[in-house]
There are 2 protein chains.
Amino acid sequence: MSPQEAAQEPAHTPRRSKITPERAQEFYAAVLDMLRESGYEALTMEGVASRTRCGKSTLYRQWGSKPELVVAALHGTRRVLLPHIDTGTLAGDLREAARAIGAGSGRDTPLMHALSHAALQSPELLCALREALILPEIAAIEAMVRRGAERGEIPADTPAAEFVSAQLLGVMRARPLLEGKFADEAYLTRFVENAVLPALGLEASTP
Amino acid sequence: MSPQEAAQEPAHTPRRSKITPERAQEFYAAVLDMLRESGYEALTMEGVASRTRCGKSTLYRQWGSKPELVVAALHGTRRVLLPHIDTGTLAGDLREAARAIGAGSGRDTPLMHALSHAALQSPELLCALREALILPEIAAIEAMVRRGAERGEIPADTPAAEFVSAQLLGVMRARPLLEGKFADEAYLTRFVENAVLPALGLEASTP
DNA sequence: GTCCATCGATACGCCAGTGTACCGAAACGC
DNA sequence: GCGTTTCGGTACACTGGCGTATCGATGGAC
């Protein structure tokens, strides 16, 4: 309403030109934020339009429909937390992974909760969710385990190896419902130290 | 339409009388089934009415609104899988729990997925979900661990003990997204044998 | 400086679900 | 039997989101 409204917006880019990749990222970020806050069903195109200060027409011109927009948002913001990790030991890798997952838990957990049911009903959405959030993480974790086996830290056929990634992601998603709080770094670190490593036959670090 | 329609219904109870507890169970079962199939948002009062062959008015008279109906359905069908288990050893209890959870996984997992996000937004729903599906299970699991500690099978302060319930419920919910299939008995049994028990310092059973 | 493409905004028709109101019909108590 | 009560079914107004169409404004190409 008042002229100061323009001032309180950062930079206030006048956007009447073609959609730049940066602008697309803004859309994607808004979509994911709203998913986290309200869930998939409650996400509305009108809500996205108003939050991003664009017209609905732009959204429909560009992405066609709500499911496609969500899929695009997942694909377009694929950012990976774990693959860079390589400390030289399996235990070190897993501790670092616990830290990284715990740090991103406030972002990823609500997103998973928001999308998990919708994903089980829409193959495209499931695929996008897996490719954006799940497969990169479990691939990284399995790479850690494989490197550990190659270095001889654990036997190649350690039976617990199959469950490392499922445990980490599972516990991350289970804790909010069990205890009412996110699985933060401290919790996940404790978990790795006291459950994952012992199951693999690795000693907990001497304190 | 045709008179044979009455014949194809089992028993075809003519229900014009007051709602009996058995009839209420039918409502609750229908609600939970539809939640599993379609999720919380897609659950409609009209859908419940048509599936249970009652009028919407009955639903609104009896439960007031959709959230209250869902909460009532959760409370009204509280059935417990684990508390009866007491094999005499912690390892035996956990193996049995894996079997029980795996057997019920086809029912409980979709329900959790359907409700987990809605529950994080509605305190009443969260409370009902926890009381109906979560707390009984983790109480039972923690009782197993406590009994094991009292029998001296594990030290009283075993650090992995904190995570047993989160592990079991976590992987149960994680597997459908990771591998695309439910965590069945075989998977959960393998998990307990190869990850949970070793983390607790219990040997895997000699094959 | 002019023109064209695309944007942002708004209005519209459509559909689906909510919750209310009303009605006849059937069951139960007495 | 009869009255009361509750049920099942339908009609209704209301809301809200989807997707389309339209229009003025504006940025970029030339």
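Lettering of chains follows the sequences in order, A, B, ..., and the numbering in each one begins at 1. Please read these numbers as outputs of a predicted model, since none were measured by experiment.
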Whole-Å distance, B:R51 CZ to D:dG8 P, equals 17 Å

Dump the pairs, protein N or O against N or O of nucleotides 11-18 of chain D, anything under 3.5 Å, distances to one decimal.
unit_1 : atom_1 : unit_2 : atom_2 : d
D:dC18 : OP2    : A:M45  : N      : 3.1

Any donor-acceptor pair under 3.5 Å linking the side-chain atoms of B:E124 with those of B:S122?
yes

Whole-Å distance, A:R61 CZ to C:dA5 C1', equals 10 Å

Under-4.0 Å side-chain N/O to phosphate OP1/OP2 contact, B:R23 with D:dT6:
no

B:E26 and B:R23 ion-paired at < 4.0 Å
yes

Which whole-number value in Å describes the distance from B:I19 CD1 to C:dC28 C1'?
15 Å

Just jot down the side-chain hydrogen bond (donor to acceptor under 3.5 Å, both in side chains) partners of A:T87, sequence neighbours excluded, or say none.
A:D93

Taking only N and O in the side chain of A:T58, is any of them less than 4.0 Å away from OP1 or OP2 of C:dG8?
yes

Please determine whether a side-chain nitrogen or oxygen atom of A:Q62 lies at a distance below 4.0 Å from atom OP1 or OP2 of C:dT6.
no

Please say whether the positively charged group of A:K66, taken as NZ for Lys or CZ for Arg, lies over the ring of A:Y40, i.e. under 6.0 angstrom from the six-membered ring centre and within 45 degrees of the axis.
yes

Which whole-number value in Å describes the distance from A:K18 NZ to D:dG28 P?
12 Å

Can you find a side chain N or O atom of A:R53 that sits less than 4.0 Å from OP1 or OP2 on C:dG8?
no

Do B:T44 and B:E46 pass the side-chain hydrogen bond (donor to acceptor under 3.5 Å, both in side chains) test, and can you show the C-alpha distance, the side-chain angles, and the key distance before you say yes or no?
CA-CA 5 Å; B:T44 67; B:E46 278 158 354; 5.2 Å; no

